Amino acid sequence: MKLETLHQLNAERVARRPVILVTDTANGEQRLVKAKDFAADPLRAELAKQLRMGKSGMVEAGGKKLFLNVYAPTAKLVIIGAVHISQALAPLARALDYDVTVVDPRTAFASPERFPDVPLIAEWPDVALPPLNIDHYTAFVAVTHDPKIDDPALLHAFERDCFYIGALGSRKTHARRGERLRAQGAKESDIARIHAPIGLSIGAVSPSEIAVAIMAEITAVLRLPKEAKEAAA
């Protein structure tokens, strides 16, 4: 790899932007494709597929065998609410290699005893969230059922373009949530991005089952192609 290519690759990774190194296996020629250039690249379909899978792999295009080396940011999961569902969700997400943070200003809930080895921030969302550098590679879950905590957190998630935003509550609860968020300046397109009721519809009842449903939905949003997600909706 050329030194200039390495510098560019490292700069994109530090900025948490996906990048793919394309290598011609016949002659060793390489080129770096940055996220902003994916859509216009001749290999856009192959790039999109490998990035969605989060894996490097060999493809054939134009009579050439090319190795696509994928460098994707580590996905984050920010959980608003140190509740029973969160106690099941946090270790499950960590097992799937997410960087997990739990935010809840209620110190009776956000205790190390209830969340061993999970970063906890016992602050209100307006204080806790900005330093987390939430971005497009962040899944955001609001489960406190307390509008004073969930609503400002969701507004922050809209601003940061999280790839997944989910919130606990029935359809009736979510309708009321939508009214509150509109009153605070949220757009219809923002509210439409919220997965609520949260999680895939698998008949989940217990906190552990709901956690499985949530992670399954997050995985589907992250990994499935757009057309497959629309068909499943």
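These figures come from a predicted structure and were not determined experimentally. Start at 1 with the first residue, then count along the sequence.
Side-chain polar atoms of Q50 and E46 form no donor-acceptor pair below 3.5 angstrom. Residues Q87 and H84 have side chains that bring a donor and an acceptor to within less than 3.5 angstrom of each other. Residues R177 and H174 bring a donor and an acceptor atom of their side chains to less than 3.5 Å of each other. With hydrogens and angles left out, the side-chain atoms of Y71 and E12 include no donor and acceptor closer than 3.5 Å. Counted by atom type alone, T74 and D99 present zero donor-acceptor pairs between their side chains at under 3.5 Å.
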Legend entry - Audit row: L129, I80, side chain to side chain contact (heavy atoms under 4.5 Å, CB included) steps and yes/no: CA-CA 10 Å; L129 297 180; I80 306 300; 4.0 Å; yes
Inset, instruction - Take I202 and E209, measure what side chain to side chain contact (heavy atoms under 4.5 Å, CB included) needs, and give me the verdict at the end. - result: CA-CA 9 Å; I202 60 172; E209 290 174 346; 5.6 Å; no
Inset, instruction - Could you go through the side chain to side chain contact (heavy atoms under 4.5 Å, CB included) check for D24 and F67 one step at a time? - result: CA-CA 7 Å; D24 187 327; F67 188 78; over 6 Å; no
Inset, instruction - List the steps, then state whether side chain to side chain contact (heavy atoms under 4.5 Å, CB included) holds for T23 with N69. - result: CA-CA 8 Å; T23 303; N69 205 327; 5.9 Å; no
Legend entry - R180/D151 under salt bridge (Lys or Arg N to Asp or Glu O under 4.0 Å): CA gap, chis, key distance, verdict: CA-CA 8 Å; R180 294 193 307 270; D151 288 3; 2.6 Å; yes
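Using modelled atom types, one side-chain atom of S86 and one backbone atom of G81 make a donor-acceptor pair closer than 3.5 Å. When atom types are taken as modelled, the side chain of R160 and the backbone of A157 share no donor-acceptor pair closer than 3.5 angstrom. Side-chain N or O atoms of T25 include one that pairs as donor or acceptor with a backbone N or O of K65 at under 3.5 Å. Side-chain atoms of R52 come within 3.5 Å of backbone N or O of R223 as a donor-acceptor pair. Side chain of H136 to main chain of D161: a donor-acceptor pair is present (N/O by atom type, distance under 3.5 Å, no hydrogens or angles).
Proximity of S170 to P197: side-chain heavy atoms (C-beta onward) are nowhere separated by under 4.5 Å. For the pair R94/V118, a side-chain contact is recorded, criterion being any heavy-atom separation below 4.5 Å from C-beta on. I79 places none of its side-chain heavy atoms less than 4.5 Å from the side chain of V103. Taking 4.5 Å as the limit, every side-chain heavy atom of P207 sits out of range of all side-chain heavy atoms of I210. In this structure the side chain of L77 reaches within 4.5 angstrom of the side chain of L89, judged on heavy atoms. Taking 4.5 Å as the limit, some side-chain heavy atom of M215 sits within range of a side-chain heavy atom of Y98. Contact annotation: the side chain of I134 never approaches that of K76 to less than 4.5 Å [non-hydrogen atoms, C-beta and beyond]. Counting only heavy atoms from C-beta outward, the side chains of K34 and R17 never approach each other to under 4.5 Å.
In terms of hydrophobic clustering, with Ile, Leu, Val, Met, Phe, Trp and Tyr side chains grouped at heavy-atom distances under 4.5 Å, F115 and L96 are assigned to a common cluster. Hydrophobic clustering keeps V143 apart from I149 (ILVMFWY residues linked when any side-chain heavy atoms are closer than 4.5 Å, directly or through intermediates).
Annotation: side chain to side chain contact (heavy atoms under 4.5 Å, CB included) contacts of K148 (sequence neighbours excluded): W124, D146. Residues forming a salt bridge (Lys or Arg N to Asp or Glu O under 4.0 Å) with R106 (at least two apart in sequence, or on another chain): D104.
Atom CD of E4 is surrounded by 12 or fewer heavy atoms from other residues, nucleotides or ligands within 6.0 Å.
Note that the OG1 atom of T219 and the CD1 atom of I214 stand 11.5 Å from one another [nearest 0.5 Å].
Other residues sharing a hydrophobic cluster with L68 under the 4.5 Å side-chain heavy-atom criterion for ILVMFWY residues are I20, V22, V33, F38, L43, L47, L51, V59, L66, V70, Y137.
Looking at N133, D135, T138 one by one, the single match for side-chain hydrogen bond (donor to acceptor under 3.5 Å, both in side chains) with R16 turns out to be D135.
Nearest heavy atom pair, residue A139 against residue F163, reads N-CE2, 3.6 Å. The nearest pair of heavy atoms linking P125 to P152 is CG-CG, 4.4 Å.
The aromatic rings of H195 and Y164 sit parallel, their planes meeting at an angle under 30°, below the 60° perpendicular limit.
Under a 4.0 Å N-O distance rule, the pair D41/R31 qualifies as a salt bridge.
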